[in-house]
Amino acid sequence: MEMTKLEVATHQLVVAIQLFLDGDYLSALTLAGAAEEILGKLSKRADLPVAVEEITKYHEDDVDKAVPEQQRKSVLLGILNRTRNQAKHANDPQETHVVFDYTEPLQMIMRAFPMAQNLNGAMLEYKIKLDAWIDAHPDVFD
């Protein structure tokens, strides 16, 4: 079997959305995280917006001003990717558990989704499903 990187990332994202809607938040988180990473690189190559770059740019001023400017993005990336990385790695022996709920995979899906849409354009069916889930869970953004 051979797939383009875009096909791989789109497939990962679609399956992540399905898993998320089925309540498998851990699998959705890691799969959406993998898709988001690939889609970010493909978006950058295509000179399209990269979600994580847009988010870090927006929140740059939220980081303590004592942190040097060049390190602020690293601080934000650490926060944005913390749970995904905890679920993927076992580098820190003190880190024995991962704490998450639906918010982390939903955020990762929402980071990946617009990039997939910009690169692929075939995500409308999944946007409708995600919108329906969000409508059924009005407290999701509280």
Side-chain angles (χ1 to χ4, degrees), residues 1-67 69-92 94-142:
M1 177 181 246
E2 183 174 324
M3 298 173 79
T4 68
K5 293 289 186 169
L6 179 57
E7 290 169 335
V8 167
T10 302
H11 179 76
Q12 289 173 324
L13 181 56
V14 165
V15 173
I17 292 168
Q18 292 168 338
L19 290 166
F20 176 82
L21 295 172
D22 289 342
D24 185 348
Y25 301 135
L26 177 60
S27 298
L29 171 65
T30 56
L31 212 46
E36 187 268 345
E37 195 168 330
I38 293 170
L39 292 165
K41 292 196 183 338
L42 295 176
S43 293
K44 190 171 194 84
R45 288 179 197 159
D47 203 28
L48 293 168
V50 177
V52 75
E53 289 180 7
E54 299 294 319
I55 294 167
T56 56
K57 200 181 314 174
Y58 181 83
H59 288 287
E60 204 169 66
D61 291 338
D62 296 340
V63 177
D64 185 348
K65 301 294 185 244
V67 175
E69 191 172 333
Q70 63 272 22
Q71 291 178 359
R72 290 182 190 166
K73 184 175 181 180
S74 294
V75 169
L76 291 166
L77 287 173
I79 294 166
L80 289 169
N81 295 328
R82 178 180 300 137
T83 308
R84 176 190 73 180
N85 290 341
Q86 287 175 343
K88 281 179 28 174
H89 305 291
N91 299 333
D92 181 354
Q94 302 300 315
E95 186 183 276
T96 59
H97 292 77
V98 179
V99 178
F100 63 95
D101 59 18
Y102 63 84
T103 58
E104 291 85 359
L106 182 59
Q107 289 171 3
M108 197 60 63
I109 289 168
M110 293 178 78
R111 280 169 44 183
F113 198 91
M115 294 185 296
Q117 183 65 36
N118 286 341
L119 291 164
N120 188 0
M123 300 297 293
L124 181 60
E125 169 188 351
Y126 299 97
K127 182 180 181 332
I128 292 168
K129 290 178 181 183
L130 275 173
D131 287 348
W133 187 92
I134 291 168
D135 287 346
H137 299 85
D139 61 322
V140 74
F141 296 111
D142 288 345

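We number each residue from 1, following the sequence as shown.
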For Leu119, run the side-chain contact (heavy atoms from CB on, under 4.5 Å) check against Thr10, Leu48, Ile38 and tell me which one passes.
Leu48
Of Val50, Leu106, Ile55, the residue whose pairing with Arg111 passes side-chain contact (heavy atoms from CB on, under 4.5 Å)
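Running side-chain contact (heavy atoms from CB on, under 4.5 Å) over Val50, Leu106, Ile55 with Arg111 returns exactly one hit, Ile55.
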Mind listing the closest non-hydrogen atom pair of [X] and [Y] along with its distance?
| X | Y | result |
| --- | --- | --- |
| Leu19 | Ser27 | CD1-CB, 3.7 Å |
| Ala112 | Leu39 | O-CD1, 3.6 Å |
| Ala35 | Ala9 | CB-O, 3.4 Å |
| Ala16 | Ala28 | O-CB, 3.4 Å |

Can you give me every donor-acceptor pair (side chain of residues 132-140, partner residue at least two apart or in another chain, under 3.5 Å) with its distance?
residue: His137; atom: ND1; partner: Trp133; partner atom: O; Å: 2.7

Are Leu13 and Met123 side-chain neighbours, meaning at least one heavy-atom pair lies under 4.5 Å?
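A side-chain contact under 4.5 Å exists here.
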Just wondering, more than 12 heavy atoms not from Asp131 lying within 6.0 Å of its CG?
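Counting other residues, nucleotides and ligands, CG of Asp131 exceeds 12 neighbours.
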Supply the atom-to-atom distance [X] [atom1] to [Y] [atom2], rounded to the nearest 0.5 angstrom.
| X | Y | atom1 | atom2 | value |
| --- | --- | --- | --- | --- |
| Asp24 | Asp22 | CG | CG | 8.0 Å |
| Met115 | Lys44 | CE | NZ | 11.5 Å |
| Gln12 | Glu7 | CD | CD | 12.0 Å |
| Lys127 | Ile17 | NZ | CD1 | 11.0 Å |
| Leu130 | Leu21 | CG | CG | 6.0 Å |
| His11 | Leu6 | NE2 | CG | 13.0 Å |

Ignoring hydrogens and angles, tell me if any N or O in the side chain of Asp101 forms a donor-acceptor pair with the backbone of Thr103 under 3.5 Å.
yes
Please check: side-chain N/O of Gln117 versus main-chain N/O of Pro114, any donor-acceptor pairing under 3.5 Å?
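No, because the side chain of Gln117 does not come within donor-acceptor range (under 3.5 Å) of the backbone of Pro114.
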One thing to verify: whether Glu53 and Lys57 come together as a salt bridge, which I'm taking to mean a side-chain N less than 4.0 angstrom from a carboxylate O.
no
Glu36 vs Phe113, test: side-chain contact (heavy atoms from CB on, under 4.5 Å). Steps then yes/no.
CA-CA 8 Å; Glu36 187 268 345; Phe113 198 91; over 6 Å; no
Give the intermediate values and the outcome of side-chain contact (heavy atoms from CB on, under 4.5 Å) for residues Val14 and Glu125.
CA-CA 10 Å; Val14 165; Glu125 169 188 351; over 6 Å; no
Check: Tyr25 ring centroid to Phe20 ring centroid under 6.0 Å
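Under 6.0 Å, so yes.
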